[in-house]
**Q** 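Handing you this structure, nothing more for now.
The sequence lines fix the lettering, A, B, ..., with proteins before strands; numbering per chain opens at 1. Reckoned from all heavy atoms, side chains included, excluding hydrogens, waters and symmetry mates.
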There are 2 protein chains.
Amino acid sequence: MSKISDIAKEAGISVATVSRVINGTATVSPETAARVQAAIAKFNYQPNVWGRRLRQQASRMILVFVPNIRNPYYASIVTGIEETARKLGYGTTLCITNDDKTRESEFKDLLQNGHADGAIFLYIDKQNTEIPKLAKTFPIVQCCEYCQDDSVPHVSIDNFGAAKQVVNYLISTGHKTIGFVGSQNHYISSEERLNGYKSALIEAGIKVEESLIAFADVDYNFKSGIRAARELIDQVKSPTALFCISDVLALGAIRAVEESGRSVPQDISIVGFDDVEYASMFKPMLTTVSQPGYSLGKSSADMLIKKIKNEMTDSSTFLPHKFILRDSTAIFKA
Amino acid sequence: MSKISDIAKEAGISVATVSRVINGTATVSPETAARVQAAIAKFNYQPNVWGRRLRQQASRMILVFVPNIRNPYYASIVTGIEETARKLGYGTTLCITNDDKTRESEFKDLLQNGHADGAIFLYIDKQNTEIPKLAKTFPIVQCCEYCQDDSVPHVSIDNFGAAKQVVNYLISTGHKTIGFVGSQNHYISSEERLNGYKSALIEAGIKVEESLIAFADVDYNFKSGIRAARELIDQVKSPTALFCISDVLALGAIRAVEESGRSVPQDISIVGFDDVEYASMFKPMLTTVSQPGYSLGKSSADMLIKKIKNEMTDSSTFLPHKFILRDSTAIFKA
DNA sequence: ATGAAAGCGCTAACAG
DNA sequence: CTGTTAGCGCTTTCAT
């Protein structure tokens, strides 16, 4: 492992000039620069990060808070963040919290420690008050989910618009009794999707009925999707279409419909959300909304690093989603 | 951000002693230690990592090379590694390579740089020769997949034994014409599972027939699973059971069987491998083998950090798998 | 049991 | 355009 003084000696100059060449912080004569480059190449020199960071008091690390990465939806966001950050010279530390508050605060210590220069949060409850506080001291960006306090910037899709688009589509294909399967969590996305659902109905002159709205468990699990869907389709006035706020819940809904002796999409249309990999491995293939996971990650990282460098100009961003029409929806037949 | 000299001043002693208290590197009088602890608590002091690492010439970081984390199977391994490493005082940098050789070597530079003290690899081809070379210079552990050169330790399940157990089960339930759906990759796991399949047949006195063995694409994708299974079941002498080396391939096989007008498990039994989350969301729920992802990660991290500290005693480890009997297999009826 | 001081590798302020 | 030098925060001899 060569160090800067080895390069200086080899090039016959001082370490300061070598540093200048490496960092481009001052003009160096072309000949000197060339000699330095040659020496660097010869020794395959790379500056020691610890020395540099100690000196600059910057970690060039960002934290990514994620509840788990088993969910492929988080996985692509994280990939987008990691690749982008590295391109910009930042490392990434994944804070996989598994909903463990202790682990979460251990990770937050990394910010206090100077271990990291900023953080991206992927699962902030809408009522969260801790993040705005933390954001006063450290650069923070929220991705996908965000709190109502709009002092902390976020990157996400337009959940309200996406939900509205889904329900408008169902209405346009003749459905009038449309159910909604949500989740009992406190994510803004769940709320916005419910609002979008309601808004589409109202604009179409269809009354919003609480009996057509059901909620699955906080963690969107398959079984609770079955349960919630069953509540809706077992009623006398069964919906002819169901909008579910996640694909797993939609797959649960399909199961519920099939178990009730009806079929998808002939009797009941089902729409999911997320476009998980296996959404197209099921039969029928799921109509759903896909989120640009990688881009969401990329934008978040770009935004955070701008904030860290104090180059921040723009605030919250909304990225486009895609409505994906597959086989779990059909035109309504009376 | 307080520093060690602040603590020293507060406690009325030298920085050296503070350091000794923090690191337990020498005996310090109880009274002094108590004063130091009090000062640390008062200032909520945490040693600066860059100063410490610069001094100790150790990064306390490990690298985890993973092709992607969209695959939930990798996700749980990574979680196991991360949690274990952090408990032992090590950070983790995910090297998500997406099969990009450039990115891969960028990440390997992090080892040369002193950015990381060691690495865990999750997807080594069995013929790989680069890893044994790299392992001469840096602490390295392989997880799940490994190269034939046994100079580099690994942690994995017994793929041969697991495959044998699956096929023995099928044989014990009356099946005699058993097919195998593998992959054209060069992973040792694929090879071992094929060997286990063959060995079980041979021990049962059943001839191994090449016409009952088919291969899906390198990336185990769903469509190629359908294709490979179709090759086997479209034959005059169709197998009555299929052992697939991954769940996604098994789900493809189920689709192929259904599309051929037969059903699973009544006509053909199907077994997968991995126990992905959605294996039990399909109908029929998949009989499969589950790997202890989290434990595989944990053991790899433990082993690597031992190697880094030169405490390495044990070599390669095999962890127990679990055969999970669900609904995609049935007793053979002639 | 404790303190003084060197120095890990680097950058930046200052001087020329 | 370049060199000298201080010092980032910490650990670790070497003294005492």
Side-chain angles (χ1 to χ4, degrees), chain A residues 1-40 43-61 89 91 109-110 112-117 309, chain B residues 1-40 43-61 89 91 109-110 112-117 309:
Chain A
M1 289 279 326
S2 49
K3 43 196 193 180
I4 200 169
S5 56
D6 297 329
I7 305 304
K9 201 184 294 172
E10 172 75 14
I13 47 156
S14 75
V15 292
T17 303
V18 176
S19 174
R20 284 190 267 258
V21 171
I22 292 167
N23 299 292
T25 42
T27 34
V28 175
S29 81
E31 307 85 59
T32 321
R35 279 215 313 286
V36 171
Q37 295 294 6
I40 287 174
F43 288 8
N44 190 24
Y45 167 74
Q46 306 226 219
N48 176 297
V49 279
W50 317 119
R52 176 180 277 181
R53 286 174 186 178
L54 176 59
R55 176 62 224 230
Q56 302 192 138
Q57 303 286 64
S59 70
R60 300 217 152 233
M61 270 288 181
D109 282 347
L110 298 181
Q112 315 273 2
N113 289 349
H115 240 296
D117 297 339
K309 295 184 177 166
Chain B
M1 288 279 325
S2 50
K3 43 197 194 181
I4 200 169
S5 54
D6 298 329
I7 305 302
K9 201 182 295 171
E10 172 77 13
I13 47 156
S14 76
V15 292
T17 303
V18 176
S19 175
R20 285 189 267 257
V21 171
I22 292 168
N23 299 292
T25 42
T27 34
V28 175
S29 82
E31 306 84 62
T32 320
R35 279 215 313 285
V36 171
Q37 295 295 5
I40 288 175
F43 287 10
N44 190 25
Y45 167 73
Q46 306 226 220
N48 175 296
V49 279
W50 317 119
R52 175 179 276 181
R53 285 175 186 175
L54 176 58
R55 176 61 223 235
Q56 304 192 136
Q57 302 287 62
S59 71
R60 302 219 150 229
M61 269 290 180
D109 283 347
L110 298 182
Q112 315 273 2
N113 290 348
H115 240 297
D117 297 339
K309 294 184 178 168

**Q** Roughly, in whole Å, what's the span from CD1 in A:I13 to P in C:dG16?
**A** 21 Å
**Q** Rounded to the nearest 0.5 Å, how far does CD of B:Q112 lie from CE of A:M1?
**A** 8.5 Å
**Q** Sequence neighbours excluded, which residues qualify as side chain to side chain contact (heavy atoms under 4.5 Å, CB included) partners of A:R60?
**A** A:R53, A:Y90
**Q** Measure the CH2-CZ distance between B:W50 and A:R52 for me, rounded to the nearest 0.5 Å.
**A** 13.0 Å
**Q** Grab the two heavy atoms, one from B:Y45 and one from B:I7, that are nearest each other, plus how far apart they are.
**A** CB-CD1, 3.5 Å
**Q** Can you tell me if B:Q57 touches the phosphate of C:dG7, counting only side-chain N or O atoms and a distance under 4.0 Å to OP1 or OP2?
**A** no
**Q** Can you list the residues that meet the side-chain hydrogen bond (donor to acceptor under 3.5 Å, both in side chains) rule with A:D117, with sequence neighbours excluded?
**A** A:S59
**Q** Take the protein atom CD1 of A:I7 and the nucleotide atom C1' of C:dC10, then report the distance between them rounded to whole Å.
**A** 13 Å
**Q** Using the test side chain to side chain contact (heavy atoms under 4.5 Å, CB included), find all partners of B:K9 that sit at least two apart in sequence or belong to another chain.
**A** none
**Q** Take A:S19 and B:S14, find for each the nucleotide of DNA chain C with the closest heavy atom, and name the residue whose nucleotide sits nearer the 5' end.
**A** B:S14
**Q** Identify, between B:S5 and A:A16, the residue whose nearest nucleotide on DNA chain D lies closer to the 5' end.
**A** A:A16
**Q** Report the residues that fulfil side-chain hydrogen bond (donor to acceptor under 3.5 Å, both in side chains) with B:S5, sequence neighbours left out, ordered by chain and then residue number.
**A** none
**Q** Taking 5' to 3' order, which nucleotide of DNA chain D is first and which is last to have an atom within less than 4.0 Å of a heavy atom in chain A?
**A** D:dC1 to D:dG9
**Q** Any idea which heavy atoms bring A:M61 and B:M61 closest together, and the distance?
**A** CE-CE, 3.7 Å
**Q** Without decimals, in angstroms, what is the distance between A:R20 CZ and C:dC14 P?
**A** 14 Å
**Q** Show every donor-acceptor pair shorter than 3.5 Å between a side-chain atom in residues 27-36 of chain B and any protein atom, with sequence neighbours excluded, or say none if there are none.
**A**
| from | atom 1 | to | atom 2 | distance (Å) |
| --- | --- | --- | --- | --- |
| B:S29 | OG | B:T32 | N | 3.3 |
| B:S29 | OG | B:T32 | OG1 | 2.4 |
| B:R35 | NE | B:A11 | O | 2.9 |
| B:R35 | NH2 | B:A11 | O | 3.2 |

**Q** Restricting to side-chain hydrogen bond (donor to acceptor under 3.5 Å, both in side chains), what partner residues turn up for B:N48, sequence neighbours left out?
**A** none
**Q** Mind listing the residues from residues 44-56 of chain B sitting with a heavy atom below 4.0 Å of DNA chain C? Number order is fine.
**A** B:L54, B:R55
**Q** Quantify the bending of the helix from C:dA1-D:dT16 to C:dG16-D:dC1 as the angle between its end axes, each fitted on five pairs, to 10°.
**A** 40°
**Q** Go through residues 22-33 of chain A and report each residue with a non-hydrogen atom lying under 4.0 Å from DNA chain C, sorted by number.
**A** A:N23
**Q** Which residues pass the side chain to side chain contact (heavy atoms under 4.5 Å, CB included) test with B:Q37, not counting sequence neighbours?
**A** B:V21, B:I40
